Number of protein chains: 2
Amino acid sequence: MRFAKGHGTGNDFVIVPDVDGVLELTPELVAALCDRHFGIGGDGVLRVVRTAAVEGAAASQVDAAEWFMDYRNGDGSVAEMCGNGVRVFAQYLIEEGLAAGPEVTVATRAGLRSVRAEADGQFTVDMGPVAVLGEGAVEAGRQLLAGLVISVGNPHVACVVDQPLAGIDLGSPRVLGPAALAAGINVEVARVTGEREIEMRVHERGSGLTLSCGTGAVAATVAASWSAGERPGEWRPSPWRVHVPGGTLAVRLGARASLLTGPAEIVARGQLENGWLARQRSAAGVGSG
Amino acid sequence: MRFAKGHGTGNDFVIVPDVDGVLELTPELVAALCDRHFGIGGDGVLRVVRTAAVEGAAASQVDAAEWFMDYRNGDGSVAEMCGNGVRVFAQYLIEEGLAAGPEVTVATRAGLRSVRAEADGQFTVDMGPVAVLGEGAVEAGRQLLAGLVISVGNPHVACVVDQPLAGIDLGSPRVLGPAALAAGINVEVARVTGEREIEMRVHERGSGLTLSCGTGAVAATVAASWSAGERPGEWRPSPWRVHVPGGTLAVRLGARASLLTGPAEIVARGQLENGWLARQRSAAGVGSG
């Protein structure tokens with residue numbers, strides 16, 4: 001079984017090519033692959049599968065996108081989209097000769113995503129529409145932070161602050177508001193560091209503090225733009241630079257879609273040992289065929 | 001550049017074959033390989049090199065051991081020996097056909113180590129002589145724990161306790177005693193869970209809490225044996241079972257040498273991307289030739 005490892009601003013993935021969709025990728029195998037000591041290690045798995053081979057894929061998806069990004073979280077659960085992952089996915093397709101580039105349309109559980117390989121080696125992703133849902137608040141350690149509730153496909157509370165981010169306890173932030181909202185929400189804190197430039201830290205629900213979050217970078221930019229007095233109808237096309245712990249991203253806010261630009265790097269390629277695979281499958285009670 | 005990834009009871013390594021000793025393995029490259037998000041990820045690197053190709057290798061080492069284990073910590077620093085790493089190293093040599101087995105003598109910076117592949121797939125390592133140096137004490141959170149200072153090539157304070165190990169704060173234990181001793185010492189807490197059976201947790205100086213530590217398992221066994229009234233001259237050859245967070249090891253104490261038995265698993269093999277390697281070398285200011 002082949003694999004590759006790659007990352008985008010430190011958000012890292014085990015890439016598993018399975019072009020014909022024949023692999024039995026159980027939650028247990030995903031968790032074993034992502035285990036950083038007993039497996040390869042990663043924040044998640046990107047399975048590379050032909051859209052036509054995905055059960056239940058819409059005909060419109062099959063027509064528009066040859067490849068489907070089957071994204072799984074490190075715990076084995078299914079996820080819809082990942083702004084860092086889809087750049088790594090496109091980089092892998094191009095390096096493997098599975099897509100010609102520079103424009104690659106990728107089918108995801110959140111719909112089609114268009115990714116463009118830029119001349120400087122970065123990748124730009126269409127992150128879809130963004131919506132400001134209202135005001136929110138977060139208890140971070142002993143501080144109460146005011147923020148905006150923002151949907152980037154998934155929900156965020158993004159708080160613009162005027163203090164060093166390192167001093168904010170983001171270990172287990174508590175989102176104030178309706179319980180339904182607080183359950184699956186991501187929290188960002190951001191500080192303006194220059195003209196259309198911010199730094200941010202993110203707590204991803206289910207993963208904790210991470211080095212980077214693509215949708216979080218978009219949400220933090222929306223909040224920073226709001227703080228500067230720009231409302232969604234007034235967004236200008238020039239980019240914001242967003243410094244995350246794992247690197248730097250660029251975000252362009254737009255009425256129909258926002259664009260996320262950042263690096264994507266393939267680190268290595270290889271083969272999983274048959275013995276290791278057989279032991280994972282036997283531990284999970286799955287026949288190895 | 002080829003690599004493999006393997007682990008022994010969750011202590012994991014990036015294995016780098018360099019049989020002729022031509023690789024420029026800088027501290028920066030080691031740290032980049034061991035980085036769990038931007039590289040492959042591991043607690044350390046095991047470079048596989050012919051002993052004859054190692055600068056300054058003693059003729060006696062060259063004669064006794066075809067292969068030298070060049071062990072590096074995850075931060076790039078040089079280390080002498082690793083009881084979990086040397087099992088993985090031997091497993092790799094045998095799987096690659098570089099050693100016939102079942103007995104493999106490995107040259108290390110701590111001297112020659114003999115490793116035996118057991119019939120059940122485990123590996124037994126000669127850990128060399130062990131010495132009890134005296135009594136010691138550790139401040140762990142708010143608890144003061146009494147222990148023994150033990151040398152297994154490297155120094156340990158091993159504390160046998162009669163309470164659940166999970167309740168002991170091993171985040172930053174403070175070793176009481178001469179500063180020179182406290183500087184580079186590892187701390188184990190162990191509890192007897194059955195007849196010649198213990199569980200242990202370990203804080204490795206420089207790495208913090210780890211899933212396993214081979215020399216620590218030996219030190220904890222010495223302390224448990226001492227608590228049971230056995231003194232070094234009275235050690236019996238039957239094994240102790242040692243449960244560590246990453247699995248189970250067996251330790252046989254002996255007057256001349258103690259033996260450590262445990263699993264070793266190769267997870268995957270592959271190639272690092274040339275682009276990734278070039279970027280690491282350029283970041284570190286090393287010419288890529």
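Computed from a predicted model, the values in this text were never measured in an experiment. Hydrogens, waters and symmetry mates are skipped; everything else that's a heavy atom, side chains included, is used. Order of the sequence lines sets the chain letters (A, B, ...), proteins ahead of strands, with each chain counted from 1.
- Ranked by heavy-atom pairs under 4.5 Å with chain B, the first of A:Arg36, A:Lys5, A:Arg2 is A:Arg36.
- Looking at A:Asp43, only its side chain comes within 4.5 Å of chain B, counting heavy atoms on both sides.
- At distances below 3.5 Å, not a single donor-acceptor pair connects side-chain atoms of B:Arg269 with backbone N or O atoms of A:Gly270.
- Contacts between B:Leu272 and chain A at a heavy-atom distance below 4.5 Å involve backbone atoms as well as side-chain atoms.
- Between A:Glu273 and B:Glu95 the shortest side-chain heavy-atom distance falls below 4.5 Å.
- Looking at A:Ile266, both its backbone and its side chain come within 4.5 Å of chain B, counting heavy atoms on both sides.
- With a 4.5 Å cut-off on non-hydrogen atoms, B:Phe3 touches chain A through its side chain but not through its backbone.
- At a threshold of 4.5 Å between non-hydrogen side-chain atoms, the residues A:Phe38 and B:Val267 do not count as touching.
- Contact of A:Arg279 with chain B is made through the side chain alone, with heavy-atom distances under 4.5 Å.
- Taking B:Thr9, B:Ile40, B:Asp35 one by one and counting their heavy-atom pairs under 4.5 Å with chain A, the maximum is reached by B:Ile40.
- Nearest approach of B:His37 to A:His7, heavy atoms of both residues: O-CB, 3.5 Å.
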